[in-house]
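Notes to accompany the following structure.
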Amino acid sequence: MVLKSFVEVDIDSHFPLENLPYGIFIIKSSEQQQQLPHPCVAIGEFVFDLSVISSVGLFNGPFLKDSDCFHQSSLNKFVGMGRPAWKEARTTIQKLLSVDEPTLRDNAILREKSLLPMSKVQMLLPTIIGDYTDFFSSMYHARNCGIMFRGPENAINPNWFHLPIAYHGRASSIVVSGTDIIRPRGQSHPAGNSPPYFGPSRKLDFELEMAAVVGPGNELGKPVDVNEAADHIFGLVLMNDWSARDIQAWEYVPLGPFLGKSFGTTISPWIVTLDALEPFSCDAPKQEPQPLPYLAEKNSKNYDISLEVRIKSAGQEQESVLTKSNFKHL
């Protein structure tokens, strides 16, 4: 059943009533006054200001009625409240924006305050990111990178098939999509008996990734059960993990990536919740060999999300498709 909103939503829009991704925005202004960031969701060509809705008392369920989570400059407080609050918010927002609900539909003043055209706002990072872990989740990516750095004979290390492989990235250089990325300078492999090259990276690369935004954490020393992990994940964002391959190849032995991967990481301003993605859930790829019991999920699922990368070089009018893939292969 297709949900219908009183807000006009184009049939090809990424932001129908079924989606409602969360973000943080400020109003564009030519005046030099400080603009306060507000939490929102996207609906059609509008942002729906959740601080306005909270101020008039329309988040009146048990988890949100006394909360100031939508009066914050980031989504951290709301994301940290956990799945019951997330579900309550989604149900309330979908009802308020529904074509059959008069509360907002028939209140012109409240509609004008809460529904702002996307053309008049600037999107910011949706959360304050305290930590960032980069997982090696794709077998194809693991093989390609292994060939790049070690050759085809030892493309995928044996441990990849048994446990999650990851490293910690630099949270402070994660920026919102659209931010200019400066080509990094660093060392790369020396040629022959020459000293290492130092200068701008000559092998700047992209990585098409998806990032999971984690909400409630765990106490130090108390691991999260693998079958309860999804309750800690608020949603997903598109991500480009910019990579300087020449710098990375020279520096990564023995401790792993450093400056070749930490000069900039781009994420979408919109967090798509797992609840919104539920209709696209599918079986995860079969793991061979079977994981150890502490990593064995009772219900191992993934999401069918089509992904694509395009590039538009300087001086070109048309974009070129570099790659197409799907999240379900992870």
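What you see is a predicted model; the values in this text were computed from it and never measured.
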Whether Asp246 side chain and Arg202 backbone form a donor-acceptor pair below 3.5 Å: yes
Audit row: Met139, Trp160, side chain to side chain contact (heavy atoms under 4.5 Å, CB included) steps and yes/no: CA-CA 9 Å; Met139 182 173 67; Trp160 188 89; 3.4 Å; yes
Expected output: side-chain Gln248 to main-chain Ser243 donor-acceptor under 3.5 Å: no
Connected via hydrophobic side-chain network under 4.5 Å: Phe161 and Leu163: yes
Lys77: salt bridge (charged side-chain N to carboxylate O under 4.0 Å, His left out) partners, not counting sequence neighbours: Asp68
His38 and Phe25 aromatic ring geometry - parallel, tilted or perpendicular at 30°/60° bounds: perpendicular
ILVMFWY network linking Val237 to Trp86, side-chain heavy atoms under 4.5 angstrom: yes
Reference residue Asp241; test side-chain contact (heavy atoms from CB on, under 4.5 Å); the match among Asp205, Asp134, Thr266: Asp134
hydrophobic_cluster_shared for Met239 and Leu307, side chain cutoff 4.5 Å: no
Geometric class of the Tyr140/His329 ring pair [parallel <30°, tilted 30-60°, perpendicular >60°]: perpendicular
Under the ring pair (Phe, Tyr, Trp, His ring centres under 6.0 Å) test, residues paired with His141 that sit two or more places apart: Phe136
Heavy-atom pair of closest approach, residues Ala244 and Pro184: CB-CG, 3.9 Å
Carboxylate-amine/guanidinium proximity below 4.0 Å for Glu319 and Lys312: no
Atom pair CD (Glu278) and OG1 (Thr273), whose distance is rounded to the nearest 0.5 Å: 10.0 Å
Leu238 side chain reached by Met210 side chain, heavy atoms, under 4.5 Å: yes
Ile271 reachable from Ile24 in the ILVMFWY side-chain graph, under 4.5 Å edges: yes
Asn302 vs Pro285 side-chain heavy atoms within contact, under 4.5 Å: yes
Test applied, side-chain contact (heavy atoms from CB on, under 4.5 Å); reference residue, Pro126; option that passes from Val213, Leu75, Val79: Leu75
Whether Thr91 side chain and Lys87 backbone form a donor-acceptor pair below 3.5 Å: yes
Side chain to side chain contact (heavy atoms under 4.5 Å, CB included) between Ile311 and Val309, worked out: CA-CA 7 Å; Ile311 189 168; Val309 176; 5.9 Å; no
Whether over 12 other heavy atoms sit under 6.0 Å from Glu45 CD: no
Tyr197-His189 aromatic ring centre distance below 6.0 Å: no
Check: Val175 and Leu125 side chains under 4.5 Å, non-hydrogen atoms: no
Euclidean distance, Ile174 CD1 relative to Tyr132 OH, rounded to 0.5 Å: 6.0 Å
Side-chain (Asn240) to main-chain (Glu207) donor-acceptor, under 3.5 angstrom: yes
Steps toward side chain to side chain contact (heavy atoms under 4.5 Å, CB included) verdict (Leu17, Val9): CA-CA 8 Å; Leu17 194 55; Val9 179; over 6 Å; no
Mutual orientation of the aromatic rings belonging to Phe70 and Phe78 [parallel < 30°, tilted 30-60°, perpendicular > 60°]: tilted
Shortest non-hydrogen contact between Leu295 and His162, atoms and distance: CD1-O, 3.6 Å
Side-chain (Asn227) to main-chain (Glu297) donor-acceptor, under 3.5 angstrom: no
Carboxylate-amine/guanidinium proximity below 4.0 Å for Asp49 and Lys113: no
Asn19 side, atom CG; Leu3 side, atom CG - distance, nearest 0.5 Å: 11.5 Å
Under 3.5 Å donor-acceptor, Ser313 side chain and Gln316 backbone: no
Which atom of Arg170 lies closest to which atom of Phe258, heavy atoms considered: NH2-CE1, 3.9 Å
Rounded distance (nearest 0.5 Å) linking atom CG of Asn60 with atom CG of Asp66: 10.5 Å
Heavy atoms of other groups near Asn157 CG, more than 12 under 6.0 Å: yes
4.5 Å side-chain heavy-atom contact, Trp270 and Cys40: yes
CD/Gln318: more than 12 non-hydrogen atoms of other groups inside 6.0 Å: no
Residue of the set Leu50, Ile53, Val52 for which side-chain contact (heavy atoms from CB on, under 4.5 Å) holds with Leu58: Ile53
In one Ile/Leu/Val/Met/Phe/Trp/Tyr side-chain cluster, 4.5 Å: Phe206, Leu259: no
For Ser29 against Gln35, the heavy-atom pair lying closest together: CB-NE2, 3.4 Å
Phe263 side chain near Leu204 side chain, heavy-atom distance below 4.5 Å: yes
Backbone N/O of Gln94 and side chain of Ser98: donor-acceptor pair under 3.5 Å: no
N-O pairing of Asp275 and Arg90 below 4.0 Å: no
Gap between atom CZ of Arg183 and atom CH2 of Trp242 - 0.5 Å precision: 9.5 Å
Min side-chain heavy-atom separation Ser177-Pro269 under 4.5 Å: yes
Side-chain donor-acceptor contact under 3.5 Å, Thr127 with Asn76: no
Student check: side-chain heavy atoms of Leu115 and Phe48 closer than 4.5 Å: yes
Closest contact, heavy atoms only, Gly217 versus His232: O-CE1, 3.5 Å
Worked check of ring-ring contact (aromatic ring centres under 6.0 Å, His included) between Tyr22 and Phe234: CA-CA 10 Å; Tyr22 287 85; Phe234 176 62; 5.4 Å; yes
Intermediate values then yes/no, side chain to side chain contact (heavy atoms under 4.5 Å, CB included), Val47 and Lys120: CA-CA 10 Å; Val47 298; Lys120 295 187 177 181; over 6 Å; no
Where Ser114 and Leu104 come nearest, the two heavy atoms and their spacing: OG-CD1, 3.7 Å
Euclidean distance, Met118 CE relative to Met123 CE, rounded to 0.5 Å: 7.5 Å
Heavy-atom side-chain proximity of Lys324 to Glu308 below 4.5 angstrom: yes
Ion pair check, Asp100 and Arg105, cut-off under 4.0 Å: no
